[in-house]
Each structure stands twice: as C-alpha cells, then as structure tokens.
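What follows is one structure encoded as structure tokens, with my remarks underneath.
Quick note on labels: first sequence line is chain A, next is B, and so on, each numbered from 1. Keep in mind that what you see is a predicted model, and the values were worked out from it rather than measured.
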2 protein chains.
Amino acid sequence: MSTIKEVCQLAGVSTATVSRTLKNPNMVNVKTRERIFAAIEKAGYRPNVMASSVKTGKSNSLVVLVPNLSNPFFLRIIQGIEKAAQENGYSVLLGDTQGEPHREHEYAGMVLSNRADGLIHLDHSFPFSDNDALLAEKVPMVSVCERIVSDKQYPVIELDNYSACRALAKHLTSYGHKRFGIIAGQNESQIFRDRLGGIKSVLNEEGIDFDDSMVVGNEYSYESGSAGAKALLAGKVRPTAIFCFNDDIAIGAIHEIKKHGLKVPDDISVVGFDNIKVSAYMDPPLTTIDQPAYEMGRKAVEVVLQQIRKKPLTRNREIVQFRIIERASSGAVSS
Amino acid sequence: MSTIKEVCQLAGVSTATVSRTLKNPNMVNVKTRERIFAAIEKAGYRPNVMASSVKTGKSNSLVVLVPNLSNPFFLRIIQGIEKAAQENGYSVLLGDTQGEPHREHEYAGMVLSNRADGLIHLDHSFPFSDNDALLAEKVPMVSVCERIVSDKQYPVIELDNYSACRALAKHLTSYGHKRFGIIAGQNESQIFRDRLGGIKSVLNEEGIDFDDSMVVGNEYSYESGSAGAKALLAGKVRPTAIFCFNDDIAIGAIHEIKKHGLKVPDDISVVGFDNIKVSAYMDPPLTTIDQPAYEMGRKAVEVVLQQIRKKPLTRNREIVQFRIIERASSGAVSS
DNA sequence: CTGTTAGCGCGTTCAT
DNA sequence: ATGAACGCGCTAACAG
C-alpha cells in the first residue's frame, strides 16, 4: 500500500536508487543501501508487481491448463510445475478447463493479455481452434502427456506410450493371457493410438487375435472403469486380462469385477497406468506403469521458461522414462 | 502485443473512447462502437491487464494456499474455488505451501505486492508469525476447514467437526464397539481438538473409558494411516474400531490391517473422514463423513470477494453441513 | 554510484 | 458523446 516514493522520502534518495537496491543491490553504495533497506522496512514497502510488469512486459507467471483436477496424476505434475516455477520466481495460475474448449480459450487468452508469460497444457485432448492455432504460434507453451498433432509442432514432454503398453502386454502374455479387454479414457487422442498400437503389436507378434469391440470406455474416471468392466463382462467372450488406460479406471474396473463375484487376478488380471499413489494401497495392489509425473512437471517449466527467455530449444520432444510396476492385480491366467 | 493506440488509429478515435467501449459500452455511440470493435478485431487487440491493474489497484486474482496438493479433498475445494473465481472474473494463483511457513509467507506476500487481491487458506495448521498477523489485519482472507485461533478473528468456512465425530462415534457405539483407536492427522490443530472432543463426549455418555495412548498419527497420508494402524495393533488391547481423521489415513490403515490377516469390518471397523471419491471404491467401501468440499470452495470465494468489495460480512463463521456415509467398512463388533 | 527524465499501457477526470 | 491530458508505480536509459 505504501509506494516507492515514500521510501525515497524516508531514505532521501531517488526512485531509481530504490529500484536498483531491490534489483541489483551491488550496484549501489553499501551505506545508502542500508539506509534504503531500513526505509523499506519502516514503510512496510512492497513493490507493486503490476507496475513493474507494465514496464518489463513480464508477468512472471505461468498458466497451467488442466482438463480434470480430480486426477491425482495431473496433480502430481502440477506439484512439480509449482515447485519449479517457484524456484524460478514464477507463480502459477490454475486453469481448470473441464475439457471445455471455451474455458481453455479464455485461459489461453491470459497470455495474450499479459497476465501470464507462458502456457502449460496437461493432456490436451482436442485440437486448437483456428484462432488459438494462430495464438499458439507466438505464445511460449508446452504440452505434457499429449502431443498435439497439427501443422506447428509444439514442444511436448511425454512418455513413450507405445513402448510402455508393449511392456504391459508382454507382461500379460507371459502370464499366458490370450483374451484381452481395454478400457480407454479417450479414443480420439494420440495417446490412445500409441497405446493401442503398442498392445496390438505385441498381440500380433504372439499370434493373438484382438477384436476392436473389446475396446470400451471414454473417460478417465472410476465410473467409466466400472461401466467399462461391466460391458466387457457382459460380452460373449470374457477377457482374462484388462488394460485400463489409467489407475482410476482400473480402480473402478476392479470394483465392478469384484461385485460380479470374480477375483482379481485369479479370474481376471487388471493393469492400470500412471502409478498414482493410492494404487499401491488397493486390494489387490495395482500393476501399472509409473510415469515420473513430478519430473514431467519440472521439465515442462524448464521448457516454457526457455521459450520465454528466447533460448533456443534443445529439442522439441522430450521422452521421459516409464517403469513397469508389477503388483498383485495381474497374475497367471487360470486354466 | 498490439496496444490500445493501434486500435485508436484504426478506428480514428481517442484512447478514452476505446477504453470506454470496453468497460461501459453503452456510454459510447453505437456507430463508433461498432467501428471500434471492428478495429479491435482487426488489430487482434487484447487489453493489457497489468496496465489496467496499475490504475485500478485490483489484480482480479486470488491466492489459494494449500498445504498438500495430493489430498483429493483439498482438490475438490480448489475446484469449487476455481469455478466461483472464474464466474466472478477472477483467476486463481496456486500456492503449494508444503506446510512450510516460509513458503506460506512468500505467497501471502503476493497480496501485499498487488499480485492478488485476496487470500484463501486451506487447512492452515500453524499460527501466523507476528509479521503475518499484522498482514492479516488488512488483507481480505478466509480460512477453509480450520479456524485460526488468534486475537483477530478471520472468517472461516468449516464443518462442525465436533458434531460430525459425535455422529461417527454414536454410529460405532451403536454397533457395540467399546475399544477405540484414533489415527489423527495433526495433534495441535483446532480440528484435532474438536474431533477428539466429539468422540470423547460420546464415549463419556456411554460410560466407555478411553486412553489417550490410543491416539496416534500426525500426518494426513496413506503412510501415516498404515503406520498408525501398525502401532495400534501392536498395543496391549487391540481396538475393535478405529477413527481415521481422513480417508487417506483410513485407506492406509485398512491396507495395514489386511496385511495382518485381519478383516474389515469383521475384526476391526474403520471409519474415515471427508468422503473423497475413491472411498466408495475401496474394499470394503469406507464409512466416512461427507464434507461438501466443492461448496466450501465456492463459499470461500464469496467471502473473500465480499471483503475485497468492502461489503460488510454477514457472518464471520460459516458452518457447512456434514453427512455421515455409512458403508461397509464399519459393522457390528464381533463377539 | 546516483539523480533526472521518459515512458510502459491504460483509466479517468476535465473540457468541449 | 468524445478528446486531451495527466498519472498509476515502477524501470531503464542517459547524464553527471
């Protein structure tokens, strides 16, 4: 509430000196510096960041767009983002898009209106509108988890979903499974295509038939997992193993399978994806793919900041390492 | 990137008129208004919010301070906050304090430096430092879930934790339980005192002894739930029912209890708190207290905005309704 | 090392 | 109904 001028008065210096004291303390005489700090203290002065932003053109904040705040996996990413941002003097603006394009549009606009300097997308599931595509040309941004397929290549931090699903599929075929079901979260995204492709490639190698009617689900949620399992159990051929495209889905699926009086993994093996924390506490604990969510968040910040600072991007696509976590929700197929 | 001046040029008007067109469209002639909108479109003009903030002194954003982003309950609150904020033209700055006072301090400073207009605390667990107490005098703020006991009374949105725990305790005593354990999340907070008080009041009425050595745990986490259960099971008298002060703790506790070869609820009943979504999908599903997290978030925004807008607060303490959710993790004591 | 000056982009009186 | 002019609080030249 007190301004830089009051500090000037108290210290008997000009605004420039006060400003310098705050930004490059070593550019100013120790003696006066002390005096200024004292004055700042006394006045209870806090620089008005808005005012400085007008000058510098930097807001020192980043928007993060997330389609679904209830997903613990995204949250872990956000923790990484928040931490890295804070370490770099940036604050993070939360944009819960709920998957609605118009909310996404609004939040993206924050960068244009100077409220934020950059944009981090989590799992962007729909293509940009023409308007936004133009926007994306000049706005520092990065996408986490989902590469956006379009003319311009946005930088992206992601997993090798194809390989991860191959690992999962090999794990299951090695247990003797031959009849599979899949509960997906979206069926339009690149993630979906990569993962499905990975699974199919293994089944192909093993000479196992797979019918696309065994792919169900269109939302990353417990409910969708539950509904998906129900649908799969109602089919003519019951799968002995189900791929769930995230852990929430797997949790819902297992819940449903148990309701049908079946046992996991004895009757049906279930595998998830993401390795959210609770998956280790489920009964049975979930076999899943670990994604280094926290690190992905940190990397995302690194990449946007690089763009903001006009440093050349070393690479446009960063692949992070997955680990397959074998727990008790998957096992040998019962004979 | 284009400024208001370019719009002026294109439309052949002054900056004042453009500014007015954006804020009070009806103050300006329909004809010129159209021309200006066209110019805005053409120039791709977006007002610089920083610049306007300098003038108005309002940033149109709120900071939310959260001690632990991994807690789904907090997330649900944040969803409510985000939505309400957005509806009111505010954006939300995320402050993950990790329970560290200095990070809290930093984020609180955002209000002083005009980066935010108000502050929402989630489950503030430590008292303000003297510096911050002074701060709190003049900053619009509200606390959710935890009332801060200090000289000044901050507005707070909270549950009647005392009554909620009475309901839980009555539920369990009605099942015949007499030996209880408690796994708490903190033991210094007002929440802790309220909840413990509620439980004890019921036990007292029922003539049941309760030893404080049966209170364990100091963190709202799976691990702490697991460790707490372990400790309780190792005691001389094994409890037949355990109160967990949130659902994460309960999940950890049940996991541990099962590892010991015991059954929930046959051997031990477990109740949680918060009713996070996954609790319905656990095996067994959790008996718990539902807190209307989303609504709490919305109310919090209402309250801060009221302060920001200098409207008198109707009341300083808002109590929201809880519901006891009886599921399968609690049952009759085995004889 | 420090002060003077000139804006940053916008909102807001005053006039007209 | 519109324009000219000033200033919000601060930073960044440029002098000295």
Side-chain angles (χ1 to χ4, degrees), chain A residues 1-40 43-61 89 109-117 308-309, chain B residues 1-40 43-61 89 109-117:
Chain A
M1 332 267 178
S2 68
T3 102
I4 199 173
K5 285 188 186 157
E6 305 179 27
V7 178
C8 296
Q9 302 242 319
L10 283 171
V13 292
S14 77
T15 63
T17 313
V18 175
S19 181
R20 273 192 284 260
T21 311
L22 260 20
K23 295 203 44 146
N24 310 60
N26 45 349
M27 271 182 66
V28 46
N29 189 301
V30 191
K31 199 69 187 164
T32 51
R33 203 195 299 168
E34 302 290 339
R35 216 168 60 233
I36 290 172
F37 279 130
I40 288 175
Y45 169 69
R46 305 286 311 243
N48 182 328
V49 290
M50 296 302 178
S52 90
S53 284
V54 175
K55 271 304 279 185
T56 62
K58 307 270 102 209
S59 65
N60 293 311
S61 55
M110 289 178 143
V111 184
L112 280 328
S113 52
N114 278 59
R115 192 193 284 283
D117 299 335
I308 291 173
R309 291 166 182 159
Chain B
M1 333 269 178
S2 68
T3 103
I4 199 173
K5 284 187 188 158
E6 305 179 27
V7 178
C8 295
Q9 303 242 319
L10 283 171
V13 292
S14 77
T15 64
T17 312
V18 175
S19 181
R20 274 192 281 261
T21 310
L22 260 20
K23 295 204 44 145
N24 310 61
N26 45 350
M27 271 182 66
V28 45
N29 189 301
V30 190
K31 199 69 186 167
T32 50
R33 204 194 300 168
E34 302 290 339
R35 216 169 59 235
I36 290 171
F37 278 131
I40 288 175
Y45 168 67
R46 304 287 310 243
N48 181 327
V49 290
M50 295 303 178
S52 90
S53 284
V54 175
K55 279 300 285 185
T56 62
K58 306 271 101 206
S59 65
N60 293 309
S61 55
M110 292 177 35
V111 183
L112 279 329
S113 51
N114 278 58
R115 192 192 282 281
D117 299 335

Side chains of A/L10 and A/Y45 in contact at under 4.5 Å (non-hydrogen atoms): no
To the nearest angstrom, the CG-P distance between B/N60 and C/dG11 comes to 11 Å
4.5 Å side-chain heavy-atom contact, A/F37 and A/L22: yes
Heavy atoms from C-beta onward define the side chain here; which of C/dC10, C/dA6, D/dA4 lies closest to that of B/A16? D/dA4
Reckon B/V13 touches a base, only the sugar-phosphate, or nothing at all at heavy-atom distances under 4.0 Å? sugar-phosphate
Given 3.5 Å as the limit, does a donor-acceptor pair link the side chain of B/S53 with the main chain of A/M50, or not? no
Nearest whole Å is fine: how far is C/dC8 P from A/K58 NZ? 17 Å
With a cut-off of less than 4.0 Å, is there a side-chain N or O of B/S52 near OP1 or OP2 of C/dC10? no
A/K55 atom NZ is separated from D/dC8 atom C1', nearest whole Å, by 13 Å
If I take atom CE from residue A/M110 and atom CZ from residue A/R115, how far apart are they, to the nearest 0.5 angstrom? 4.5 Å
Taking C-beta and beyond as the side chain, do A/I308 and A/K58 meet within less than 4.5 Å on heavy atoms? yes
Between OG1 of B/T32 and CZ of B/R20, what distance do you get to the nearest 0.5 Å? 10.0 Å
Choose from C/dT4, C/dA6, C/dC10 the nucleotide whose nearest atom is closest to any side-chain atom of A/S14. C/dT4
Could you check how far CE of B/M50 sits from P of D/dT11, rounded to whole Å? 14 Å
Using a cut-off of strictly less than 4.0 Å between a heavy atom of the residue and any atom of DNA chain C, enumerate the qualifying residues of residues 17-40 of chain B by number. B/S19
Rounded to whole Å, the NZ-P distance (B/K5 to C/dG11) equals 14 Å
Taking the minimum atom-to-atom distance to the side chain of B/V54, which one of C/dC8, D/dC8, C/dT12 wins? D/dC8
Considering only heavy side-chain atoms of A/A51, the closest of D/dG3, D/dC10, C/dG9 is D/dC10
Nearest-Å distance for atom pair CG/P, residues B/N114 and D/dC8: 14 Å
Pairwise distance CZ(B/R46) to CG(A/N114) - rounded to 0.5 angstrom: 10.5 Å
